[in-house]
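One structure is given here, and the rest of the page talks about it.
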Amino acid sequence: MTNRKRRPGPRVSGPTLQSVADLAGLSLMSASRALSGGQVSPENAARVKAAAEALGYVPNVAARRMRGGRTNTVGVLINADLDPHMEIMSILDCLIREMEEAGKQVLLSVARGGSAQIDMHLEGFLARGVDGVFFQNAQPSRLLERYRQAEVPVVAISHRDDGCPELPFVTHDAEAVFAQMYQRLTDLGHRVAVEFTRGGTPPMHEKFRSFGELRWRRCDLGSDRTVMLAHVRTELASPDPPTLFMADYPGAVELLSVCEELRVPVPEKLSVVSTVDGLSAPMLRTPLSSLRADYELFGRAAARSMLAALEGEEIEDVLVPGGMEWIERSSTGPVPEPDGVSAR
């Protein structure tokens, strides 16, 4: 089950693809595949056809005619300028598999140069006649209005900038797990923390704000280790030094290395947390405390939203519940005695 936030706009009346799938006793993916001529067993194809006829279901053909017919192709745009992290590969693996099982081909593009590249790829998808686009780390673009006019759905995944609230959004329902992590860190005595971000990535502590007594500072860095090392040294020498650093997985691994170089023991003098779990996190010299997400759940939820949008159904924001957990390992510990942290 997913938690949905209703979006403004008229509802589609009459039976939907989901109601056809329910009556046929099949998944949304199987029903979509059967109706679009994808590979399904003759028995399942007959069940879907019978369910559609019983409900009077007619696929939305108006948008197809406006776009010159379906291509059974969807685009996935990765906004790498906002640092897509490692987890995007896990999301893509599931999302692409689900779409292909529904008879859709997937075109993948990666924007690395900011808004100009995003516009270029969005324009390219339109030129290729895609039926819809997944937009990871979505941000405003002048092309979004053209998508709206052409009735080509765009579904934001992972992150959606405040400047494009009209896009339906699929993300993890992470409020509870962040609150759990904040409470645990507070119980360990942490009060001052720094979150390292890269390339303008929105900090997690601003998105999930139920952090109680923790006071956060943000440091936006590039990928230059020298800059990170200098900033860590500066933070630890400040009048109000942090006892906790948080970053995405590559950043957190780099922080562990920087602390080792500065001879700051983790977690005896400083705790480090990753906002993303990695396969190697428990195997590091100092196993890394992190937030683990179920990207299979996420990918399936995103695929369901797109398939519904392709049938002309109203799309709502989707919060995927139960897909995240706090994994405490050796990189977090109690706040040390107030004897100061020396970053040599």
Side-chain angles (χ1 to χ4, degrees), residues 3 85 87 158-159 171-198 201-221 228 231-260 262-278 281-282 284-294 319-343:
N3 295 330
H85 313 301
E87 79 269 20
S158 297
H159 171 72
T171 191
H172 283 291
D173 187 1
E175 189 72 45
V177 74
F178 268 89
Q180 176 192 357
M181 179 187 71
Y182 294 148
Q183 185 58 57
R184 174 57 179 158
L185 295 172
T186 300
D187 291 344
L188 289 171
H190 295 282
R191 295 295 182 271
V192 181
V194 173
E195 181 175 358
F196 290 85
T197 59
R198 295 183 290 169
T201 306
M204 291 296 185
H205 73 267
E206 290 185 4
K207 185 176 181 181
F208 304 104
R209 305 183 65 87
S210 55
F211 40 74
E213 298 178 61
L214 277 171
R215 304 194 311 277
W216 286 92
R217 298 197 288 263
R218 176 189 181 186
C219 178
D220 192 62
L221 301 172
M228 177 181 280
H231 194 83
V232 168
R233 182 184 285 113
T234 299
E235 283 286 354
L236 295 179
S238 68
D240 189 22
T243 58
L244 170 71
F245 286 156
M246 184 167 75
D248 62 14
Y249 186 74
V253 172
E254 193 71 23
L255 280 167
L256 291 176
S257 176
V258 165
C259 288
E260 184 174 353
L262 294 175
R263 299 181 184 178
V264 178
V266 175
E268 291 81 6
K269 293 292 185 182
L270 186 73
S271 290
V272 177
V273 170
S274 173
T275 56
V276 179
D277 196 38
L284 297 172
R285 184 179 304 176
T286 303
L288 188 58
S289 296
S290 57
L291 293 168
R292 177 184 293 165
D294 186 331
L319 295 176
V320 184
M324 293 193 72
E325 59 179 323
W326 162 244
I327 307 295
E328 187 169 342
R329 301 189 179 103
S330 302
S331 67
T332 50
V335 169
E337 294 298 321
D339 56 354
V341 177
S342 176

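Checked against ring pair (Phe, Tyr, Trp, His ring centres under 6.0 Å), F196 has the following partners two or more places apart in sequence or in another chain: H231, F245. Applying the side-chain contact (heavy atoms from CB on, under 4.5 Å) test to P282 and every residue at least two apart in sequence or in another chain returns R329. Listed by chain and residue number, L256, C259, V272, T286, S331 satisfy the side-chain contact (heavy atoms from CB on, under 4.5 Å) test with V266 (two or more places apart in sequence, or in another chain). In this view, A293 and H172, Y295, M324 satisfy the side-chain contact (heavy atoms from CB on, under 4.5 Å) rule, not counting sequence neighbours. Scored by the side-chain hydrogen bond (donor to acceptor under 3.5 Å, both in side chains) test, T171 finds no partners at all (sequence neighbours excluded). Legend: residues meeting side-chain hydrogen bond (donor to acceptor under 3.5 Å, both in side chains) with E260, ordered by chain and number and at least two apart, are R285. Applying the salt bridge (Lys or Arg N to Asp or Glu O under 4.0 Å) criterion to R184, with sequence neighbours excluded, gives E328. Checked against side-chain hydrogen bond (donor to acceptor under 3.5 Å, both in side chains), S238 has no partners two or more places apart in sequence or in another chain. Residues passing the salt bridge (Lys or Arg N to Asp or Glu O under 4.0 Å) test with E206, sequence neighbours excluded: none. The salt bridge (Lys or Arg N to Asp or Glu O under 4.0 Å) check on E175 picks up nothing, with sequence neighbours excluded. Applying the salt bridge (Lys or Arg N to Asp or Glu O under 4.0 Å) test to E268 and every residue at least two apart in sequence or in another chain returns nothing. Residues that satisfy the side-chain hydrogen bond (donor to acceptor under 3.5 Å, both in side chains) test with S274, not counting sequence neighbours, are absent from this structure.
L255 CG to L270 CG: the interatomic distance, rounded to the nearest 0.5 Å, is 8.0 Å. Here the CD-CD distance, from Q183 to E213, works out to 8.0 Å after rounding to the nearest 0.5 Å. With rounding to the nearest 0.5 angstrom, the CG atom of L188 is 9.5 Å from the CG atom of L244. In this structure, the separation between CD1 on I327 and CZ on R292 is 4.0 Å, given to the nearest 0.5 Å. The structure places CH2 of W326 at 10.0 Å from CG of D277, a figure rounded to the nearest 0.5 Å.
Contact check for Y249 versus L288: side-chain heavy atoms found under the 4.5 Å cut-off. For the pair W216/M246, a side-chain contact is recorded, criterion being any heavy-atom separation below 4.5 Å from C-beta on.
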For this session: Just do the side chain to side chain contact (heavy atoms under 4.5 Å, CB included) check on T186 and R191 with the steps written out, would you?
Result: CA-CA 7 Å; T186 300; R191 295 295 182 271; 3.4 Å; yes

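At least one donor-acceptor pair under 3.5 Å links the side chain of E195 to the backbone N or O of H205.
Nearest approach of V192 to P241, heavy atoms of both residues: CB-O, 3.9 Å. The two residues T332 and P267 come nearest to each other via the heavy atoms C-CB, 3.6 Å. Across all non-hydrogen atoms, the minimal contact from M228 to G251 is CE-O, 3.9 Å. Shortest non-hydrogen contact noted between A247 and A252 is CB-N, 3.7 Å. Across all non-hydrogen atoms, the minimal contact from Y182 to F208 is OH-O, 2.7 Å.
No side-chain donor from either of T275 and D248 sits under 3.5 Å from a side-chain acceptor of the other.
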